[in-house]
Amino acid sequence: MISKAVIEAIQRFVPYENIRLQEPMADHTTFRIGGPADCFVQLENEQQLKKLQKYLGLAGVPFFVMGNGSNLLVSDAGYRGVILQIGSGMSDISVEGCRVVAKAGASLAQVARKALEYGLTGLEFASGIPGTVGGGVVMNAGAYGGEMCQVVTQVNVVNQDGETMELDNETMEFGYRTSVIRHSTFTITEVVFSLEPGDREAIKVKMEELAGRRREKQPLEYPSAGSTFKRPEGNFAGKLIMEAGFRGFQIGGARVSDKHCGFIINTGNATARDVLDVIARIQAGVKDKFHVDLETEIVFIGSQRETT
């Protein structure tokens with residue numbers, strides 16, 4: 001549990017109304033799953049992030065930085081530490097020529113729409129990704145042939161000492177659903193996207209086409225964390241899962257989507273334990289049948305076992 005002294009220290013950096021104790025994380029993830037965090041803090045600006053990240057690091061208090069929780073599974077037992085949420089208070093977007101500058105809390109959909117407004121092409125693929133800029137860049141999010149690494153040229157971060165650093169595309173070490181940020185103590189605050197001039201109508205048509213494909217193929221009507229597994233080399237996770245016989249497989253309230261087997265959905269009352277058990281059964285089944293190791297794309301935090 002978080003001590004009274006730590007709570008009092010946090011209150012020196014962030015308004016009281018932005019701090020919640022024993023906050024249900026199910027209210028802050030697209031999976032709608034997760035027990036209470038000891039302390040949940042909604043950040044309004046970069047200065048608050050700098051001060052809190054430095055303080056929590058020096059005090060040895062566990063903390064986790066999140067956006068809108070679209071790729072996150074939180075333990076049923078919750079999180080023993082501080083959750084720092086980067087959201088609407090850090091979501092400004094500006095356009096400078098062919099450069100779109102977005103704060104980490106802006107949604108990828110908002111950035112894609114801003115690019116459309118200015119007739120800039122390159123972010124159409126991101127228009128339906130349900131994450132924030134910060135989370136999307138950390139994970140090198142992608143869809144339909146596009147990835148963050150193709151359009152990101154600069155990433156501003158806050159390090160463990162509360163200092164701002166500037167990273168270029170090469171320094172980010174982007175890989176498939178990963179970047180140098182994934183396993184570092186850096187937190188993204190701002191991203192610069194470099195795009196190309198395009199035809200507004202063509203950009204709009206492309207975005208609508210991709211949105212239609214998502215509605216047709218993905219179980220958007222259910223809570224989920226998006227694609228559960230990374231794409232194995234030379235194959236597709238959903239295809240392997242289906243051919244291994246897991247379409248519609250369910251434990252508790254967690255179910256492999258009948259629409260797209262790469263998604264695990266919350267049918268209404270799923271627990272994190274249910275999801276982890278479904279993941280484990282799928283991994284074992286696919287390994288046994290195809291000798292392929294499926295790696296999870298979802299980030300798990302909490303006290304239950306973590307999948308990799």
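In what follows, residues are counted from 1 in the order of the sequence shown.
Considering Leu108, Val138, Val191, Val155 as possible partners of Met148, the one that fulfils the side chain to side chain contact (heavy atoms under 4.5 Å, CB included) test is Leu108. Screening Gln42, Glu44, Gln48, Gln11 against Asn18 for a side chain to side chain donor-acceptor pair (under 3.5 Å) leaves a single residue, Glu44.
Taking a 6.0 Å sphere around CZ of Phe236, one finds it holds 12 or fewer heavy atoms contributed by other residues, nucleotides or ligands. Surrounding CD of Glu196 are at most 12 heavy atoms belonging to other residues, nucleotides or ligands under 6.0 Å away.
The two atoms that bring Lys259 and Arg247 nearest to each other are N-NH1, 4.3 Å, heavy atoms only.
Using a 4.0 Å cut-off between charged nitrogen and carboxylate oxygen, Asp277 and Arg281 do not count as a salt-bridge pair. Ion pairing of Arg80 with Asp38 is present here, as a side-chain N (NZ or NE/NH1/NH2) and a carboxylate O approach within less than 4.0 Å. Residues Arg113 and Glu117 are not paired through a salt bridge, judged by the lack of any N-O separation under 4.0 Å between the basic side chain and the carboxylate. Electrostatic pairing of Glu163 and Lys54 does not count as a salt bridge here, judged by no charged N lying under 4.0 Å from a carboxylate O. Between Lys50 and Glu46, at least one side-chain nitrogen of the basic residue sits less than 4.0 Å from a carboxylate oxygen of the acidic one, meeting the salt-bridge criterion. Comment: Glu201 does not engage Lys204 in a salt bridge, judged by the lack of any side-chain N to carboxylate O separation of less than 4.0 angstrom.
Cluster membership check: Ile188 does not share its hydrophobic cluster with Val101, using side-chain heavy-atom separations under 4.5 Å among Ile, Leu, Val, Met, Phe, Trp and Tyr. Note: the hydrophobic cluster containing Ile33 does not contain Phe263 (ILVMFWY, side chain heavy atoms under 4.5 Å, direct or indirect links). Criterion: ILVMFWY side-chain heavy atoms under 4.5 Å apart, direct or through other members. Under it, Phe229 and Phe290 are part of a common hydrophobic cluster. Hydrophobic clustering, with ILVMFWY side chains joined whenever heavy atoms are under 4.5 angstrom apart, groups Leu276 together with Leu294.
With sequence neighbours excluded, the residues that form a salt bridge (Lys or Arg N to Asp or Glu O under 4.0 Å) with Arg20 are Glu23.
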message = Let's go through Glu190 and Asn156 carefully: what are the C-alpha distance in whole Å and the side-chain angles of both, what is the deciding distance for side-chain hydrogen bond (donor to acceptor under 3.5 Å, both in side chains) to 0.1 Å, and is it a yes or a no?
response = CA-CA 5 Å; Glu190 186 176 80; Asn156 294 341; 3.1 Å; yes
Query - Full working for side-chain hydrogen bond (donor to acceptor under 3.5 Å, both in side chains) between Gln110 and Ser91 - result: CA-CA 9 Å; Gln110 289 173 324; Ser91 61; 5.3 Å; no
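Checking side-chain atoms of Ser75 against main-chain N and O of Ala77 turns up a donor-acceptor pair under 3.5 Å.
Between His28 and Phe40, the ring-plane angle classifies as parallel under the 30° and 60° cut-offs.
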